[in-house]
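Here is the structure we will look at.
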2 protein chains.
Amino acid sequence: MSGRDVLIVEDDEAIATGLSLNLRLAGHRPTVARDGDEALARVDAADFDMVLLDINLPRRNGLEVLQAIRASDNVVPVIVVSARDGETDKVAALRLGADDYVTKPFALAELLARIDAVLRRAQPAHAGDAAPVATGDVLTFSDVTIDLAQRTVTRGGTPVKLTHLEFELLVFFVRHPSQVFARARLLAQVWGQNAGSPRTVDNFVGQLRKRFEDDPEDPRHFVTVRGSGYRFDP
Amino acid sequence: MSGRDVLIVEDDEAIATGLSLNLRLAGHRPTVARDGDEALARVDAADFDMVLLDINLPRRNGLEVLQAIRASDNVVPVIVVSARDGETDKVAALRLGADDYVTKPFALAELLARIDAVLRRAQPAHAGDAAPVATGDVLTFSDVTIDLAQRTVTRGGTPVKLTHLEFELLVFFVRHPSQVFARARLLAQVWGQNAGSPRTVDNFVGQLRKRFEDDPEDPRHFVTVRGSGYRFDP
DNA sequence: GGACTTCTGTCAGGATCCGGTCATGGCCCG
DNA sequence: CGGGCCATGACCGGATCCTGACAGAAGTCC
(Lines give C-alpha, C1' and ligand atoms only; values in the text may rest on other atoms or scores of the structure.)
Protein backbone atom coordinates (compact mmCIF):
# COMPACT_ATOMS: atom_id res chain seq x y z
CA MET A 1 0.00 0.00 0.00
CA SER A 2 1.45 3.32 -0.88
CA GLY A 3 1.57 5.59 2.15
CA ARG A 4 -1.23 7.85 3.24
CA ASP A 5 -1.26 11.36 4.65
CA VAL A 6 -2.18 11.26 8.30
CA LEU A 7 -2.75 14.26 10.54
CA ILE A 8 -1.87 13.69 14.19
CA VAL A 9 -3.55 16.15 16.55
CA GLU A 10 -1.83 15.76 19.89
CA ASP A 11 -0.34 18.23 22.31
CA ASP A 12 1.83 15.82 24.24
CA GLU A 13 5.21 16.12 22.58
CA ALA A 14 6.38 12.60 23.41
CA ILE A 15 3.26 10.89 22.16
CA ALA A 16 3.14 13.01 19.03
CA THR A 17 6.69 12.24 17.96
CA GLY A 18 6.33 8.60 18.91
CA LEU A 19 3.24 8.19 16.79
CA SER A 20 4.76 10.18 14.00
CA LEU A 21 7.79 7.95 13.93
CA ASN A 22 5.75 4.79 13.92
CA LEU A 23 3.44 5.95 11.19
CA ARG A 24 6.44 6.81 9.07
CA LEU A 25 7.81 3.36 9.70
CA ALA A 26 4.49 1.96 8.55
CA GLY A 27 4.98 3.82 5.30
CA HIS A 28 2.68 6.78 5.88
CA ARG A 29 3.31 10.52 5.83
CA PRO A 30 2.37 11.97 9.21
CA THR A 31 1.88 15.64 10.05
CA VAL A 32 1.52 16.89 13.60
CA ALA A 33 -0.76 19.64 14.89
CA ARG A 34 -0.34 20.79 18.50
CA ASP A 35 -3.71 22.31 19.24
CA GLY A 36 -7.23 22.59 17.94
CA ASP A 37 -6.77 25.74 15.91
CA GLU A 38 -3.73 24.42 14.15
CA ALA A 39 -5.56 21.18 13.43
CA LEU A 40 -8.45 22.95 11.75
CA ALA A 41 -6.12 25.14 9.74
CA ARG A 42 -4.21 22.13 8.47
CA VAL A 43 -7.30 20.12 7.65
CA ASP A 44 -8.56 23.01 5.57
CA ALA A 45 -5.24 23.54 3.88
CA ALA A 46 -4.33 20.01 2.84
CA ASP A 47 -6.06 16.81 1.88
CA PHE A 48 -5.44 14.20 4.55
CA ASP A 49 -6.39 10.55 4.25
CA MET A 50 -7.19 10.40 7.92
CA VAL A 51 -7.00 12.29 11.22
CA LEU A 52 -5.90 11.02 14.59
CA LEU A 53 -7.55 13.32 17.09
CA ASP A 54 -6.78 13.64 20.77
CA ILE A 55 -9.66 14.93 22.87
CA ASN A 56 -7.70 16.79 25.48
CA LEU A 57 -6.28 19.73 23.61
CA PRO A 58 -5.26 23.26 24.44
CA ARG A 59 -7.29 26.06 22.82
CA ARG A 60 -10.04 23.82 21.56
CA ASN A 61 -11.53 20.58 22.72
CA GLY A 62 -11.04 17.68 20.33
CA LEU A 63 -14.77 17.22 20.06
CA GLU A 64 -15.16 20.80 18.94
CA VAL A 65 -12.54 20.19 16.29
CA LEU A 66 -14.36 17.11 15.10
CA GLN A 67 -17.61 19.02 14.98
CA ALA A 68 -16.00 21.78 12.95
CA ILE A 69 -14.52 19.30 10.52
CA ARG A 70 -17.84 17.62 9.92
CA ALA A 71 -19.65 20.94 9.79
CA SER A 72 -17.56 21.84 6.78
CA ASP A 73 -18.76 18.65 5.09
CA ASN A 74 -15.38 17.02 5.32
CA VAL A 75 -15.72 13.23 5.45
CA VAL A 76 -12.08 12.49 6.17
CA PRO A 77 -11.87 9.45 8.50
CA VAL A 78 -11.24 10.43 12.12
CA ILE A 79 -10.05 8.26 14.98
CA VAL A 80 -10.61 9.89 18.33
CA VAL A 81 -8.11 9.29 21.11
CA SER A 82 -9.09 9.93 24.71
CA ALA A 83 -7.58 9.34 28.09
CA ARG A 84 -10.86 8.26 29.57
CA ASP A 85 -13.12 5.43 28.73
CA GLY A 86 -16.09 7.50 29.73
CA GLU A 87 -19.41 6.74 28.17
CA THR A 88 -20.22 10.32 27.39
CA ASP A 89 -17.04 11.09 25.49
CA LYS A 90 -17.33 8.01 23.39
CA VAL A 91 -20.95 8.42 22.51
CA ALA A 92 -20.41 12.07 21.75
CA ALA A 93 -17.47 11.34 19.48
CA LEU A 94 -19.29 8.67 17.53
CA ARG A 95 -22.36 10.88 17.26
CA LEU A 96 -20.23 13.64 15.85
CA GLY A 97 -19.00 11.31 13.16
CA ALA A 98 -15.82 9.74 14.45
CA ASP A 99 -14.89 6.52 12.69
CA ASP A 100 -13.30 4.84 15.65
CA TYR A 101 -12.44 5.51 19.24
CA VAL A 102 -9.32 4.55 21.16
CA THR A 103 -8.60 5.15 24.83
CA LYS A 104 -5.24 5.90 26.37
CA PRO A 105 -3.19 4.12 27.30
CA PHE A 106 -3.40 2.21 24.04
CA ALA A 107 -1.20 -0.55 22.75
CA LEU A 108 0.67 0.88 19.82
CA ALA A 109 0.00 -2.23 17.78
CA GLU A 110 -3.71 -1.84 18.41
CA LEU A 111 -3.76 1.76 17.32
CA LEU A 112 -1.80 0.98 14.16
CA ALA A 113 -4.17 -1.88 13.38
CA ARG A 114 -7.14 0.43 13.77
CA ILE A 115 -5.55 3.04 11.60
CA ASP A 116 -5.03 0.41 8.94
CA ALA A 117 -8.59 -0.78 9.33
CA VAL A 118 -9.99 2.70 8.98
CA LEU A 119 -7.82 3.44 5.97
CA ARG A 120 -8.80 0.17 4.39
CA ARG A 121 -12.45 0.87 4.92
CA ALA A 122 -12.14 4.39 3.65
CA GLN A 123 -10.41 3.48 0.44
CA PRO A 124 -10.54 -0.06 -0.83
CA ALA A 125 -7.01 -1.30 -0.98
CA HIS A 126 -5.67 -3.41 -3.77
CA ALA A 127 -5.37 -7.13 -3.17
CA GLY A 128 -1.72 -7.71 -2.33
CA ASP A 129 -0.90 -4.73 -0.22
CA ALA A 130 -2.67 -5.65 2.97
CA ALA A 131 -1.02 -4.99 6.29
CA PRO A 132 0.98 -7.64 8.17
CA VAL A 133 -2.04 -8.54 10.30
CA ALA A 134 -1.72 -9.42 13.92
CA THR A 135 -1.94 -13.04 14.92
CA GLY A 136 -4.18 -14.02 17.80
CA ASP A 137 -3.24 -13.56 21.41
CA VAL A 138 -3.37 -17.27 21.83
CA LEU A 139 -0.38 -19.56 22.18
CA THR A 140 -0.48 -23.33 21.87
CA PHE A 141 1.69 -26.41 22.05
CA SER A 142 0.65 -30.01 22.06
CA ASP A 143 -2.87 -29.98 23.53
CA VAL A 144 -2.23 -26.92 25.65
CA THR A 145 -3.85 -23.57 24.92
CA ILE A 146 -2.75 -20.30 26.48
CA ASP A 147 -5.02 -17.26 26.31
CA LEU A 148 -2.94 -14.21 27.06
CA ALA A 149 -5.78 -11.76 27.45
CA GLN A 150 -7.69 -13.98 29.81
CA ARG A 151 -4.55 -15.30 31.44
CA THR A 152 -6.00 -18.76 31.37
CA VAL A 153 -4.48 -22.06 30.33
CA THR A 154 -6.25 -25.22 29.27
CA ARG A 155 -4.88 -28.65 28.62
CA GLY A 156 -7.02 -30.92 26.52
CA GLY A 157 -9.89 -28.54 27.12
CA THR A 158 -9.76 -28.56 30.92
CA PRO A 159 -8.49 -25.45 32.67
CA VAL A 160 -5.16 -25.53 34.48
CA LYS A 161 -4.53 -23.36 37.51
CA LEU A 162 -1.22 -21.50 37.44
CA THR A 163 0.29 -18.91 39.72
CA HIS A 164 1.49 -15.60 38.37
CA LEU A 165 5.11 -16.58 37.89
CA GLU A 166 4.30 -20.03 36.62
CA PHE A 167 2.24 -18.41 33.92
CA GLU A 168 4.96 -15.94 33.05
CA LEU A 169 7.58 -18.65 32.80
CA LEU A 170 5.33 -20.81 30.67
CA VAL A 171 4.66 -17.98 28.26
CA PHE A 172 8.33 -17.20 28.00
CA PHE A 173 9.15 -20.79 27.16
CA VAL A 174 6.41 -21.15 24.59
CA ARG A 175 7.49 -17.93 22.95
CA HIS A 176 11.08 -19.09 22.71
CA PRO A 177 10.91 -22.74 21.73
CA SER A 178 13.88 -25.02 21.15
CA GLN A 179 16.29 -22.63 22.76
CA VAL A 180 18.43 -23.33 25.78
CA PHE A 181 18.28 -20.76 28.57
CA ALA A 182 20.57 -20.61 31.55
CA ARG A 183 18.89 -20.24 34.91
CA ALA A 184 20.39 -16.80 35.27
CA ARG A 185 18.89 -15.81 31.96
CA LEU A 186 15.47 -17.06 32.93
CA LEU A 187 15.69 -15.26 36.23
CA ALA A 188 16.54 -12.06 34.46
CA GLN A 189 13.85 -12.43 31.80
CA VAL A 190 10.95 -13.71 33.82
CA TRP A 191 11.70 -12.63 37.37
CA GLY A 192 13.20 -9.29 36.49
CA GLN A 193 15.95 -7.32 38.11
CA ASN A 194 15.79 -8.57 41.66
CA ALA A 195 16.64 -12.06 40.67
CA GLY A 196 16.62 -14.83 43.24
CA SER A 197 18.58 -18.01 43.50
CA PRO A 198 18.93 -20.47 40.63
CA ARG A 199 17.14 -23.04 42.76
CA THR A 200 13.95 -21.10 42.28
CA VAL A 201 13.96 -21.84 38.59
CA ASP A 202 14.20 -25.54 39.23
CA ASN A 203 11.15 -25.40 41.40
CA PHE A 204 9.10 -23.62 38.82
CA VAL A 205 10.18 -25.87 35.99
CA GLY A 206 9.19 -28.74 38.23
CA GLN A 207 5.74 -27.24 38.60
CA LEU A 208 5.34 -26.82 34.87
CA ARG A 209 6.36 -30.42 34.36
CA LYS A 210 3.87 -31.63 36.92
CA ARG A 211 1.12 -29.77 35.13
CA PHE A 212 1.93 -30.25 31.47
CA GLU A 213 4.03 -33.40 31.05
CA ASP A 214 2.38 -36.75 30.53
CA ASP A 215 5.20 -38.21 32.57
CA PRO A 216 6.90 -35.58 34.75
CA GLU A 217 9.73 -38.03 35.40
CA ASP A 218 10.56 -38.10 31.73
CA PRO A 219 9.85 -34.62 30.43
CA ARG A 220 9.43 -34.13 26.70
CA HIS A 221 8.59 -30.44 26.64
CA PHE A 222 10.50 -28.89 29.52
CA VAL A 223 13.88 -30.47 29.01
CA THR A 224 16.91 -30.21 31.24
CA VAL A 225 20.15 -29.43 29.48
CA ARG A 226 22.63 -30.48 32.05
CA GLY A 227 25.22 -27.86 32.82
CA SER A 228 23.46 -25.23 30.70
CA GLY A 229 19.88 -24.75 31.77
CA TYR A 230 16.48 -25.62 30.30
CA ARG A 231 14.95 -25.87 26.89
CA PHE A 232 11.30 -25.95 25.81
CA ASP A 233 10.33 -28.24 22.95
CA PRO A 234 6.78 -27.89 21.62
CA MET B 1 -21.61 -10.67 26.01
CA SER B 2 -24.46 -12.22 24.11
CA GLY B 3 -23.49 -14.75 21.47
CA ARG B 4 -22.21 -13.85 18.06
CA ASP B 5 -23.16 -14.88 14.54
CA VAL B 6 -20.49 -17.11 13.09
CA LEU B 7 -20.38 -18.41 9.55
CA ILE B 8 -18.69 -21.80 9.17
CA VAL B 9 -17.51 -22.48 5.65
CA GLU B 10 -16.69 -26.17 5.51
CA ASP B 11 -17.62 -28.92 3.10
CA ASP B 12 -16.86 -31.87 5.37
CA GLU B 13 -20.18 -32.73 6.91
CA ALA B 14 -18.78 -34.21 10.11
CA ILE B 15 -16.47 -31.29 10.87
CA ALA B 16 -19.14 -28.75 10.02
CA THR B 17 -21.74 -30.20 12.36
CA GLY B 18 -19.16 -30.79 15.07
CA LEU B 19 -18.02 -27.19 14.96
CA SER B 20 -21.55 -25.96 14.73
CA LEU B 21 -22.51 -27.89 17.82
CA ASN B 22 -19.55 -26.65 19.80
CA LEU B 23 -20.07 -23.05 18.83
CA ARG B 24 -23.67 -23.31 19.89
CA LEU B 25 -22.53 -24.72 23.20
CA ALA B 26 -20.23 -21.73 23.54
CA GLY B 27 -23.27 -19.50 23.19
CA HIS B 28 -22.87 -18.41 19.59
CA ARG B 29 -25.16 -18.71 16.60
CA PRO B 30 -23.43 -20.71 13.87
CA THR B 31 -24.45 -20.95 10.24
CA VAL B 32 -22.91 -23.44 7.82
CA ALA B 33 -22.03 -22.91 4.17
CA ARG B 34 -20.93 -25.92 2.13
CA ASP B 35 -19.00 -24.29 -0.67
CA GLY B 36 -17.44 -21.05 -1.80
CA ASP B 37 -20.42 -19.71 -3.68
CA GLU B 38 -22.78 -20.34 -0.82
CA ALA B 39 -20.30 -18.68 1.54
CA LEU B 40 -20.15 -15.51 -0.50
CA ALA B 41 -23.90 -15.41 -0.87
CA ARG B 42 -24.39 -15.73 2.88
CA VAL B 43 -21.75 -13.17 3.73
CA ASP B 44 -23.47 -10.72 1.44
CA ALA B 45 -26.90 -11.53 2.75
CA ALA B 46 -26.32 -11.35 6.51
CA ASP B 47 -24.12 -9.58 8.97
CA PHE B 48 -21.79 -12.08 10.57
CA ASP B 49 -19.49 -11.34 13.48
CA MET B 50 -16.87 -13.66 12.12
CA VAL B 51 -16.17 -16.27 9.47
CA LEU B 52 -14.44 -19.60 9.87
CA LEU B 53 -13.13 -20.40 6.42
CA ASP B 54 -11.81 -23.73 5.21
CA ILE B 55 -9.35 -23.49 2.36
CA ASN B 56 -10.20 -26.70 0.57
CA LEU B 57 -13.62 -26.12 -0.86
CA PRO B 58 -15.59 -27.32 -3.83
CA ARG B 59 -16.44 -24.75 -6.49
CA ARG B 60 -14.16 -22.06 -5.11
CA ASN B 61 -10.92 -22.07 -3.20
CA GLY B 62 -11.12 -20.59 0.28
CA LEU B 63 -8.51 -18.01 -0.57
CA GLU B 64 -10.62 -16.84 -3.48
CA VAL B 65 -13.53 -16.48 -1.13
CA LEU B 66 -11.42 -14.45 1.28
CA GLN B 67 -10.23 -12.24 -1.53
CA ALA B 68 -13.77 -11.67 -2.70
CA ILE B 69 -14.89 -10.78 0.82
CA ARG B 70 -12.13 -8.23 1.24
CA ALA B 71 -12.58 -6.88 -2.26
CA SER B 72 -16.09 -5.91 -1.32
CA ASP B 73 -14.67 -3.91 1.57
CA ASN B 74 -15.99 -6.28 4.19
CA VAL B 75 -13.83 -6.21 7.31
CA VAL B 76 -15.54 -9.12 9.08
CA PRO B 77 -12.93 -11.11 11.03
CA VAL B 78 -11.89 -14.29 9.25
CA ILE B 79 -10.05 -17.31 10.62
CA VAL B 80 -8.69 -19.52 7.89
CA VAL B 81 -8.58 -23.27 8.43
CA SER B 82 -6.37 -25.38 6.23
CA ALA B 83 -5.38 -29.01 6.05
CA ARG B 84 -2.00 -28.16 4.69
CA ASP B 85 0.61 -26.73 6.95
CA GLY B 86 2.23 -24.83 4.12
CA GLU B 87 3.84 -21.53 4.92
CA THR B 88 2.71 -20.25 1.56
CA ASP B 89 -0.95 -20.75 2.32
CA LYS B 90 -0.54 -19.09 5.65
CA VAL B 91 1.27 -16.10 4.30
CA ALA B 92 -1.18 -15.79 1.45
CA ALA B 93 -4.13 -15.96 3.80
CA LEU B 94 -2.75 -13.32 6.14
CA ARG B 95 -1.82 -11.11 3.20
CA LEU B 96 -5.34 -11.34 1.93
CA GLY B 97 -6.59 -10.09 5.26
CA ALA B 98 -7.19 -13.15 7.39
CA ASP B 99 -7.16 -12.49 11.11
CA ASP B 100 -5.78 -15.82 12.19
CA TYR B 101 -4.81 -19.17 10.78
CA VAL B 102 -5.31 -22.70 12.07
CA THR B 103 -4.15 -25.93 10.51
CA LYS B 104 -5.98 -29.24 10.56
CA PRO B 105 -5.93 -31.31 12.55
CA PHE B 106 -6.56 -28.76 15.26
CA ALA B 107 -7.33 -29.18 18.91
CA LEU B 108 -10.90 -28.08 19.38
CA ALA B 109 -9.95 -26.13 22.48
CA GLU B 110 -7.36 -24.23 20.50
CA LEU B 111 -9.77 -23.29 17.76
CA LEU B 112 -12.38 -22.15 20.25
CA ALA B 113 -9.76 -20.09 22.07
CA ARG B 114 -8.72 -18.45 18.84
CA ILE B 115 -12.31 -17.72 17.91
CA ASP B 116 -12.80 -16.07 21.28
CA ALA B 117 -9.63 -14.07 20.86
CA VAL B 118 -10.60 -12.82 17.42
CA LEU B 119 -14.10 -11.92 18.54
CA ARG B 120 -12.70 -10.13 21.54
CA ARG B 121 -10.32 -8.14 19.43
CA ALA B 122 -12.97 -7.31 16.89
CA GLN B 123 -15.49 -6.14 19.42
CA PRO B 124 -14.27 -2.60 20.09
CA ALA B 125 -13.81 -1.87 16.41
CA HIS B 126 -17.31 -3.06 15.74
CA ALA B 127 -18.68 -0.85 18.44
CA GLY B 128 -17.09 1.94 16.47
CA ASP B 129 -18.44 1.24 13.04
CA ALA B 130 -21.64 -0.28 14.30
CA ALA B 131 -23.67 2.82 14.37
CA PRO B 132 -24.60 5.73 16.56
CA VAL B 133 -25.22 3.76 19.72
CA ALA B 134 -26.78 6.35 21.99
CA THR B 135 -30.30 5.94 23.27
CA GLY B 136 -31.72 2.56 24.10
CA ASP B 137 -28.33 0.88 24.13
CA VAL B 138 -28.40 -1.95 26.62
CA LEU B 139 -25.72 -4.28 27.95
CA THR B 140 -26.46 -7.54 29.70
CA PHE B 141 -24.78 -10.42 31.44
CA SER B 142 -26.30 -13.22 33.43
CA ASP B 143 -29.55 -11.74 34.77
CA VAL B 144 -28.20 -8.21 34.89
CA THR B 145 -29.33 -5.49 32.51
CA ILE B 146 -27.53 -2.19 32.06
CA ASP B 147 -29.33 0.67 30.37
CA LEU B 148 -26.70 3.13 29.22
CA ALA B 149 -29.07 5.87 28.24
CA GLN B 150 -30.93 5.84 31.53
CA ARG B 151 -27.85 4.86 33.52
CA THR B 152 -29.89 2.28 35.35
CA VAL B 153 -29.09 -1.30 36.24
CA THR B 154 -31.46 -4.11 37.09
CA ARG B 155 -30.74 -7.56 38.36
CA GLY B 156 -33.40 -10.18 37.88
CA GLY B 157 -35.81 -7.37 37.16
CA THR B 158 -35.25 -5.43 40.36
CA PRO B 159 -33.32 -2.18 40.12
CA VAL B 160 -29.83 -1.91 41.63
CA LYS B 161 -28.53 1.34 42.98
CA LEU B 162 -25.00 2.19 41.87
CA THR B 163 -22.84 5.23 42.38
CA HIS B 164 -21.32 7.02 39.43
CA LEU B 165 -17.96 5.28 39.48
CA GLU B 166 -19.43 1.92 40.28
CA PHE B 167 -21.51 2.28 37.16
CA GLU B 168 -18.54 3.33 35.04
CA LEU B 169 -16.46 0.43 36.27
CA LEU B 170 -19.26 -2.02 35.67
CA VAL B 171 -19.76 -0.79 32.12
CA PHE B 172 -16.06 -0.99 31.43
CA PHE B 173 -15.92 -4.56 32.63
CA VAL B 174 -18.96 -5.65 30.69
CA ARG B 175 -17.62 -4.01 27.57
CA HIS B 176 -14.30 -5.80 27.90
CA PRO B 177 -15.19 -9.30 29.00
CA SER B 178 -12.72 -12.11 29.56
CA GLN B 179 -9.75 -9.83 29.68
CA VAL B 180 -7.45 -9.27 32.59
CA PHE B 181 -6.82 -5.65 33.56
CA ALA B 182 -4.20 -4.42 35.98
CA ARG B 183 -5.39 -2.04 38.65
CA ALA B 184 -3.35 0.73 37.11
CA ARG B 185 -5.04 0.15 33.79
CA LEU B 186 -8.47 0.29 35.35
CA LEU B 187 -7.58 3.46 37.18
CA ALA B 188 -6.44 5.06 33.95
CA GLN B 189 -9.45 3.91 31.94
CA VAL B 190 -12.26 4.44 34.37
CA TRP B 191 -10.96 7.05 36.79
CA GLY B 192 -9.09 9.10 34.23
CA GLN B 193 -5.71 10.72 34.24
CA ASN B 194 -5.47 11.73 37.87
CA ALA B 195 -5.38 8.16 39.01
CA GLY B 196 -5.64 7.30 42.68
CA SER B 197 -4.29 4.42 44.67
CA PRO B 198 -4.68 0.82 43.58
CA ARG B 199 -6.56 0.14 46.79
CA THR B 200 -9.47 2.11 45.45
CA VAL B 201 -10.03 -0.42 42.71
CA ASP B 202 -10.29 -3.22 45.24
CA ASN B 203 -13.00 -1.40 47.07
CA PHE B 204 -15.05 -0.85 43.98
CA VAL B 205 -14.67 -4.39 42.78
CA GLY B 206 -15.79 -5.42 46.23
CA GLN B 207 -18.91 -3.31 45.82
CA LEU B 208 -19.70 -4.82 42.44
CA ARG B 209 -19.31 -8.26 43.91
CA LYS B 210 -21.63 -7.48 46.77
CA ARG B 211 -24.24 -6.32 44.32
CA PHE B 212 -23.94 -8.78 41.46
CA GLU B 213 -22.43 -12.01 42.74
CA ASP B 214 -24.62 -14.74 44.11
CA ASP B 215 -21.85 -15.47 46.57
CA PRO B 216 -19.51 -12.49 46.98
CA GLU B 217 -17.03 -14.76 48.77
CA ASP B 218 -16.68 -16.87 45.67
CA PRO B 219 -17.04 -14.50 42.74
CA ARG B 220 -17.82 -15.95 39.34
CA HIS B 221 -18.07 -12.75 37.32
CA PHE B 222 -15.61 -10.34 38.89
CA VAL B 223 -12.61 -12.56 39.20
CA THR B 224 -9.34 -11.80 40.93
CA VAL B 225 -6.27 -12.78 38.96
CA ARG B 226 -3.70 -12.73 41.68
CA GLY B 227 -0.60 -10.80 40.75
CA SER B 228 -2.20 -9.39 37.63
CA GLY B 229 -5.48 -7.66 38.31
CA TYR B 230 -9.15 -8.40 37.68
CA ARG B 231 -11.14 -10.05 34.96
CA PHE B 232 -14.85 -9.97 34.18
CA ASP B 233 -16.43 -13.20 32.98
CA PRO B 234 -20.01 -12.94 31.75
C1' DG C 1 33.74 -50.61 36.31
C1' DG C 2 34.18 -47.85 40.41
C1' DA C 3 34.70 -43.77 43.04
C1' DC C 4 34.56 -38.97 43.05
C1' DT C 5 32.58 -34.64 41.58
C1' DT C 6 29.07 -31.88 39.81
C1' DC C 7 24.60 -30.94 38.91
C1' DT C 8 19.56 -31.37 39.34
C1' DG C 9 14.96 -32.71 41.51
C1' DT C 10 12.39 -32.26 45.54
C1' DC C 11 10.76 -30.90 49.89
C1' DA C 12 9.36 -28.09 53.73
C1' DG C 13 9.87 -23.99 56.67
C1' DG C 14 9.52 -19.43 56.98
C1' DA C 15 9.58 -14.80 54.86
C1' DT C 16 7.12 -12.06 51.89
C1' DC C 17 3.68 -10.28 49.08
C1' DC C 18 -1.02 -9.58 47.81
C1' DG C 19 -5.84 -8.84 48.13
C1' DG C 20 -10.25 -8.28 51.02
C1' DT C 21 -12.13 -5.53 54.42
C1' DC C 22 -12.85 -1.91 57.51
C1' DA C 23 -12.52 2.60 59.49
C1' DT C 24 -11.26 7.21 58.95
C1' DG C 25 -11.42 11.61 56.88
C1' DG C 26 -11.98 14.87 52.95
C1' DC C 27 -14.96 16.57 49.57
C1' DC C 28 -18.91 18.10 47.16
C1' DC C 29 -23.61 19.14 46.88
C1' DG C 30 -27.83 19.97 48.44
C1' DC D 1 -24.84 21.52 58.39
C1' DG D 2 -25.82 16.77 57.01
C1' DG D 3 -25.39 12.96 53.94
C1' DG D 4 -23.68 10.48 50.18
C1' DC D 5 -19.50 9.51 47.74
C1' DC D 6 -14.82 8.65 47.22
C1' DA D 7 -9.74 8.06 48.47
C1' DT D 8 -6.44 6.25 51.56
C1' DG D 9 -4.05 3.54 54.91
C1' DA D 10 -3.96 -0.16 58.33
C1' DC D 11 -4.69 -4.74 59.33
C1' DC D 12 -5.11 -9.65 58.70
C1' DG D 13 -5.37 -14.00 56.64
C1' DG D 14 -3.84 -16.66 53.09
C1' DA D 15 -1.53 -17.59 48.77
C1' DT D 16 2.83 -17.51 46.85
C1' DC D 17 7.59 -17.42 46.65
C1' DC D 18 12.45 -18.04 48.14
C1' DT D 19 15.92 -20.55 50.22
C1' DG D 20 18.77 -24.12 52.02
C1' DA D 21 19.32 -28.95 52.72
C1' DC D 22 19.42 -33.37 51.08
C1' DA D 23 19.32 -37.28 48.08
C1' DG D 24 19.85 -39.18 43.86
C1' DA D 25 21.22 -38.90 38.97
C1' DA D 26 24.66 -37.81 35.49
C1' DG D 27 29.13 -37.07 34.12
C1' DT D 28 34.23 -37.71 34.64
C1' DC D 29 38.49 -39.56 35.56
C1' DC D 30 41.29 -43.22 36.58
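Proteins get letters first, then strands, A, B, ... in listed order; numbering begins at 1 in each. These numbers come from the heavy atoms of this one structure, side chains and all, not from hydrogens, waters or symmetry mates. A quick note: this is a predicted structure, and the numbers were derived from the prediction, not measured.
At most 12 non-hydrogen atoms from other residues, nucleotides or ligands lie less than 6.0 angstrom from CG of B:D47. At most 12 non-hydrogen atoms from other residues, nucleotides or ligands lie less than 6.0 angstrom from CZ of B:R220.
Between A:W191 and A:F204, the gap from one ring centroid to the other is short of 6.0 Å.
Nearest-nucleotide positions on DNA chain D place B:T200 closer to the 5' end than the other of A:T200 and B:T200. Nearer the 5' end of DNA chain C, as judged by each residue's closest nucleotide, is the contact made by A:V225, out of A:V225 and A:K210.
At least one side-chain nitrogen or oxygen of A:S197 sits closer than 4.0 Å to the OP1 or OP2 atom of D:dT19. Taking 4.0 angstrom as the limit, B:W191 places none of its side-chain polar atoms (N or O) nearer than this to OP1 or OP2 of D:dC6. The phosphate of C:dG20 has OP1 or OP2 within less than 4.0 Å of a side-chain N or O from B:T224. For the OP1/OP2 pair of C:dC7 and a distance below 4.0 Å, the side-chain nitrogens and oxygens of A:Y230 include no atom meeting the criterion.
Going from atom CZ of A:R226 over to atom C1' of D:dA25 covers 7 Å, rounded to whole Å. Rounded to whole Å, the distance from CD on A:E217 to P on D:dA23 is 19 Å. Spacing between atom CG of A:L208 and atom P of C:dT10 amounts to 12 Å, rounded to whole angstrom units. Atom C1' of nucleotide D:dC18 and atom CZ of A:F204 are separated by 8 Å, given to the nearest angstrom. Between the CG atom of B:L186 and the P atom of C:dG19 there is a distance of 12 Å, given to the nearest Å. B:R199 places its CZ atom 10 Å from the C1' atom of D:dA10, with the value rounded to the nearest Å. Atom CZ in A:R209 sits roughly 11 Å away from atom P in C:dT8 (whole-Å rounding). One interatomic measurement links the two molecules: CG of B:N203 to C1' of C:dT21, which rounds to 8 Å at whole-angstrom precision.
Side-chain contact check for A:H164 and A:R151: at least one donor-acceptor pair (N or O, by modelled atom type) lies under 3.5 Å. Side chains of A:R209 and A:T224: a donor on one and an acceptor on the other come within 3.5 Å.
Residues from residues 160-179 of chain A with heavy atoms under 4.0 angstrom of DNA chain D, sorted by number: A:T163, A:H164, A:L165.
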Q | Pair B:H221-B:F141, ring-ring contact (aromatic ring centres under 6.0 Å, His included): steps then yes or no | A | CA-CA 9 Å; B:H221 297 302; B:F141 72 94; 5.2 Å; yes

Name each donor-acceptor pair under 3.5 Å that joins a side chain in residues 225-234 of chain A to protein atoms two or more places apart or in another chain, with its distance.
| from | atom 1 | to | atom 2 | distance (Å) |
| --- | --- | --- | --- | --- |
| A:Y230 | OH | A:R183 | NH1 | 3.1 |
| A:Y230 | OH | A:D202 | OD1 | 2.4 |
| A:R231 | NH1 | A:D233 | OD1 | 2.9 |
| A:R231 | NH1 | A:D233 | OD2 | 2.4 |

